[in-house]
Undergrad: 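Below is a structure I'd like to ask you about.
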Amino acid sequence: MRILLTNDDGVGSAGIWQAARALAPLGEVIVSAPDREQSGTGGAVSLLAPVRVHRARSPIPGVTAFAVEGTPADSVILALERFVEGPVDLLVSGINQGANFGEDIFLSGTVGAALQGYFRGIPSIAISVAALHRVRYRAAGVVLRALAGRFVEWSRATEAARGLTPTGIAARPPLLNINLPNVAPARMKGVEVTHLGHRAYADSIQEGDEGRRAWYWIRRERPDWEEEEGSDIWAIRRRKVSITPIITDVTAFAALPELTGIAQAMQEALTPPGRRPAEGGGGRGAE
Ligand code: MN
């Protein structure tokens with residue numbers, strides 16, 4: 001099994017090497033990650049400048065590591081397109097310092113990097129520990145090692161079962177977004193398959209000035225999460241490991257028929273006045 005490993009906390013983070021140690025016995029592990037922390041950069045890709053890369057020191061024999069002067073998504077794209085020879089069976093993004101719950105996954109560098117594997121049909125896992133201080137990575141490593149082979153097998157079976165999309169693209173296995181409570185394994189209350197939770201979005205802004213110019217700092221204090229049963233945050237608050245399958249079709253299908261009125265108004269605005277259909281009386285005719 002060939003495993004690509006990345007982490008938005010950077011190539012020098014504790015979590016990435018805990019993951020590498022856990023996964024190395026399963027096959028070939030290649031590390032490609034930003035040369036510094038890139039949390040909160042989501043799926044950003046560097047398009048406006050070249051990205052430099054150097055070999056990083058790896059503490060694990062047989063594991064090669066690349067330090068990328070770019071985003072987490074850059075690290076995955078460059079590894080898949082250039083650094084790794086042969087097909088990648090599994091992409092792991094983590095072990096991240098800090099939870100990735102609910103709609104925050106859209107901001108997450110951890111999930112943003114994993115999406116580059118998902119988009120290419122590679123079984124992909126984002127894994128995080130719900131703590132920013134004194135983070136316990138070891139249980140996450142144990143979970144990864146137990147999960148990796150099974151998930152790859154399941155993904156292949158799922159793909160075979162689902163076949164192709166209507167336009168002929170191989171159906172993708174869902175991305176797995178995993179969060180662990182920051183407690184010793186013996187204190188965990190099991191593993192729960194969950195859905196994304198929801199929170200109120202009101203970020204607090206710290207401000208100041210340096211003499212001439214004002215600065216603003218978007219701070220995440222304690223987010224206000226809904227305690228909906230079966231959600232990722234709900235599981236973590238009960239000391240359970242949370243595993244959420246993610247797909248990226250975020251189309252609001254229920255809204256499709258309801259938007260036809262707005263689409264019509266747009267069409268009308270685009271039609272030169274003389275060519276607008278003269279609707280019976282009350283409509284907006286030629287102006
Ligand atoms: Mn991070």
Side-chain angles (χ1 to χ4, degrees), residues 3-23 29-46 51 53 56 58-59 65-79 90-118 124-141 143-144 147 175-183 196-197 199 201 203 217-223 225 232-233 235-236 241-244 246:
I3 302 167
L4 175 62
L5 181 56
T6 192
N7 192 315
D8 78 343
D9 299 333
V11 75
S13 65
I16 199 171
W17 293 108
Q18 188 75 50
R21 252 183 295 278
L23 294 170
V29 174
I30 302 103
V31 165
S32 177
D35 66 338
R36 68 202 75 183
E37 187 180 345
Q38 293 278 344
S39 293
T41 55
V45 177
S46 303
V51 173
V53 180
S58 161
F66 299 90
V68 177
E69 294 180 26
T71 66
D74 291 342
S75 308
V76 173
I77 293 169
L78 295 178
L90 176 68
L91 169 67
V92 174
S93 182
I95 305 161
N96 187 59
Q97 176 180 9
N100 279 301
F101 297 136
E103 288 110 355
D104 279 354
I105 65 164
F106 291 109
L107 321 176
S108 162
T110 301
V111 175
L115 282 174
Q116 289 298 331
Y118 166 83
S124 299
I125 298 171
I127 184 163
S128 311
V129 178
L132 294 172
H133 307 286
R134 314 194 74 172
V135 183
R136 297 165 180 265
Y137 293 106
R138 222 159 53 84
V143 164
L144 272 179
L147 169 75
L175 185 163
L176 297 188
N177 185 44
I178 300 174
N179 285 281
L180 289 96
N182 194 41
V183 299
L196 293 179
R199 72 169 173 93
Y201 277 79
D203 292 307
W217 194 354
I218 301 169
R219 308 302 298 258
R220 284 278 147 76
E221 255 116 65
R222 300 222 75 180
W225 287 99
D232 45 12
I233 180 72
I236 291 296
V241 177
S242 162
I243 168 166
T244 312
I246 306 283

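Remember, it's 1-based here, ligands and their atoms both numbered in the order they're listed.
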Undergrad: Check all N, O or S atoms of Asp9 and name the one closest to the Mn ion (ligand 1).
TA: OD1

Undergrad: Working note: Ser58 + Trp17, criterion side chain to side chain contact (heavy atoms under 4.5 Å, CB included); need CA distance, chi angles, decisive distance, verdict.
TA: CA-CA 9 Å; Ser58 161; Trp17 293 108; 3.7 Å; yes

Undergrad: Examine distances only and state if a side-chain atom of Ser32 and a backbone atom of Ser75 form a donor-acceptor pair shorter than 3.5 Å.
TA: yes

Undergrad: With a cut-off of 2.8 Å, does Asp8 put an N/O/S atom close enough to the Mn ion (ligand 1)?
TA: yes

Undergrad: If you stand at the Mn ion (ligand 1) and look out to OG of Ser39 and OD1 of Asn96, what angle do those two lines make, to 10°?
TA: 170°

Undergrad: Can you check whether Asn96 reaches Val129 side chain to side chain, under 4.5 Å on heavy atoms?
TA: no

Undergrad: What residue among Ile243, Ile95, Leu180 forms side chain to side chain contact (heavy atoms under 4.5 Å, CB included) with Val143?
TA: Leu180

